[in-house]
Protein chains: 2
Amino acid sequence: MAAGIYDVARRAGVSVATVSRSYTVPEAVREATRERVLRTAAELGYQPNRAARGLITGRTGNVGVIVPDLANPYFQGVLKGAQAQAREADYAVFVADGQESAAEEEALIGAMTKQVDGILLCSSRLEPSALAGLESAPAVVLLNRRIDGLSTVTVDSGDGMRQAMAHLAELGHRRCAFLAGPRRSWSNQQRLRGLRAAAKAAHAEIVTIGPVAPQFEGGVNAAEQVLASDVTAVLAYNDLVAAGMLSRLAQLGVEVPAQLSVLGFDDIPLAAMLTPALTTVSAPTVQAGAAAVDALLSRLEQPDAPPTAQQLAATLVVRETTGLPRAGHSLHLTNQGAV
Amino acid sequence: MAAGIYDVARRAGVSVATVSRSYTVPEAVREATRERVLRTAAELGYQPNRAARGLITGRTGNVGVIVPDLANPYFQGVLKGAQAQAREADYAVFVADGQESAAEEEALIGAMTKQVDGILLCSSRLEPSALAGLESAPAVVLLNRRIDGLSTVTVDSGDGMRQAMAHLAELGHRRCAFLAGPRRSWSNQQRLRGLRAAAKAAHAEIVTIGPVAPQFEGGVNAAEQVLASDVTAVLAYNDLVAAGMLSRLAQLGVEVPAQLSVLGFDDIPLAAMLTPALTTVSAPTVQAGAAAVDALLSRLEQPDAPPTAQQLAATLVVRETTGLPRAGHSLHLTNQGAV
DNA sequence: ATGAAAGCGCTAACAT
DNA sequence: ATGTTAGCGCTTTCAT
């Protein structure tokens, strides 16, 4: 069997209290003693049992990460960053997939609560009222969502959109489409707001299309509508939508960026892998995941400190899907509907 | 504070044992009593503390999933499937990122061991000897790796390669390149073996290039070498490599599939999003993750049952990057090295 | 600086 | 069918 604290204590000729202290309050035990204890522990392959420890300290050493969809590449970066940061601080991480459902998310929070010290809720699908009720129990940090009373980490997507629009305006675009994401999504609202403000400043016109499903298919399905709207550029809700758009445009024989400029949002790895490579606004997902865990852990250190609201910068990454607007004529489709 | 079992017991007018039994051996308590207990528990918002339970039962109700790289889309599917299946059985899942390092992986296993009932090791970077030493402690299931004495879930990638080669042969390709993955990788060996056998059967010739990094860049960097090798088709180690290949080929002005056919492996979501869409061998990642957790859980039920070795079928998905071989002339590069 | 002993919240014998 | 009680492996007063 695995060695327990008593085995180590006996073998090292000390009491269990000393063994325990060697780990938790090292400075309270004489160096020679501690060394002997640790060496003995290593020999026996002893590791303190976290569950037993948690029972008495009230801390589990775990954090939970809940995302709406584990298959979404956006959350992959977040998870990677969160995991790395947690492990750094010697925390283990539970993951759970909310399946894009508020109810499931709530159930997961409930199930997780007792097993973690804190929960990182990513792009929560919960109602603001449900979120507001989370101020207690384990610490909670929100990613991509802002609610009073909770610590949050957000990406300045409004400014990201401003950069995107400024880029388009500089190229000469004056009439652009925005392929909107889910209407109630916080991120969508931020992006649209930032875009509208920037468009106004640039004396450009925005036609909003959608909402479309924030997936590849959403972009595929919206392509015709975009073409019909007589714009010279389209800003998609996210990279997945932009990718779908690009795919359908290629089928239709529309050249990007010669005939239409396309922008994404998020800069998931896919963006750089497309041909032409997608110009997009980079949201620092890995960094955001790490920052959120940071916020969570410091909340655990100082439960009474006021909640923090960190905002990360988004940065435009110009690649190959944006260019000068086509001359003042509308689009001719050469390859209507071909596969 | 959160209610404990004693609070529930007192309020329901029963002993703690009855409360406990209402959860763990419901049939051993009179229905009326159990109902009352459960109702009381609900009123108090009581939920059994899993850590305390685990301390005595020796079971944590957790499983761990270790992947070499959380940012790799392949493992995203695996994780999604594993998580769903685990939750189904009311298990929580720990994730950890091995950072492509055998040492880190080993450290993670050590750190996790005490906190989980079983570990799912995905595409482990560990030496066979290290793996063989894992037969004890928590249950272990291997994904994409086969070792005697351990339960495994693998994808029949040899047969996947056979399908791919058969498809190419039918189109008329007789000289194809294989962009090899890491030489020591189990998956790479399986794929190469399957490919060689199928090529022999089809009287086709395989030129092996690489090993290349199993990433987008690996494909980008290998493109020139592939072009120089005078093949009419190239089978990449995985979709990421194929995507890099495609990207570079487009830059070089090589038309796919007219001048060169390209195949990937895995069928990660990216494959369908590329233009032209990638023909690839679909490895059922989500299903594999779920099957592996299944294997893990049944191992927990019956620790003495012999280890199982499940093999999942791979299926060729023909999309747009494969076609007839170009006529018998070599490739002319029209756009050498352009961006 | 170290040890003895009392629990943390729960389950599993063992009673009744 | 239900209650009593002894721990699970550890941390933490309180002594020494």
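First the proteins, then the strands, lettered A, B, ... as listed; each starts at 1. All figures in this text were calculated on a predicted structure; none of them were measured in a lab.
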Donor-acceptor side-chain pairing of A/R146 and A/Q190 below 3.5 angstrom | no

Quick one: do the B/R11 and B/T40 side chains pair a donor with an acceptor below 3.5 Å?
-> no

Is the closest side-chain donor-acceptor distance between A/N62 and A/Q115 under 3.5 Å?
-> no

Answer yes or no: is there an ion pair linking A/E104 with B/R87, defined by an N-O contact shorter than 4.0 Å?
-> yes

Check whether any side-chain N or O of B/S15 sits under 4.0 Å from OP1 or OP2 of D/dT4, and answer yes or no.
-> no

Mind checking what makes side-chain contact (heavy atoms from CB on, under 4.5 Å) contact with B/Q310, not counting sequence neighbours?
-> B/V153, B/A291, B/L312

Using atom CZ of A/R36 as one end and atom P of C/dA1 as the other, report the distance to the nearest whole Å.
-> 15 Å

Taking atom P of C/dA1 as reference, at what distance in whole Å does atom CD of A/E35 sit?
-> 15 Å

Might you confirm whether atom CD of B/E27 has over 12 heavy atoms from other residues, nucleotides or ligands at distances under 6.0 Å?
-> yes

Rounded to 10°, the helix from C/dA1-D/dT16 to C/dT16-D/dA1 deviates from straight, judged by its five-pair end axes, by 30°

With sugar-phosphate meaning primed atoms plus P, OP1 and OP2, does A/A51 contact a base, only sugar-phosphate, or nothing at under 4.0 Å between heavy atoms?
-> nothing

Under 4.0 Å protein heavy-atom contacts per nucleotide of nucleotides 10-16 of chain C, with B for base, S for backbone only and - for none | BBBB---

Quick one: do the A/T154 and A/N144 side chains pair a donor with an acceptor below 3.5 Å?
-> no

Among A/V29, A/T33, A/I5, A/T24, the one residue meeting side-chain contact (heavy atoms from CB on, under 4.5 Å) with A/V19 = A/I5

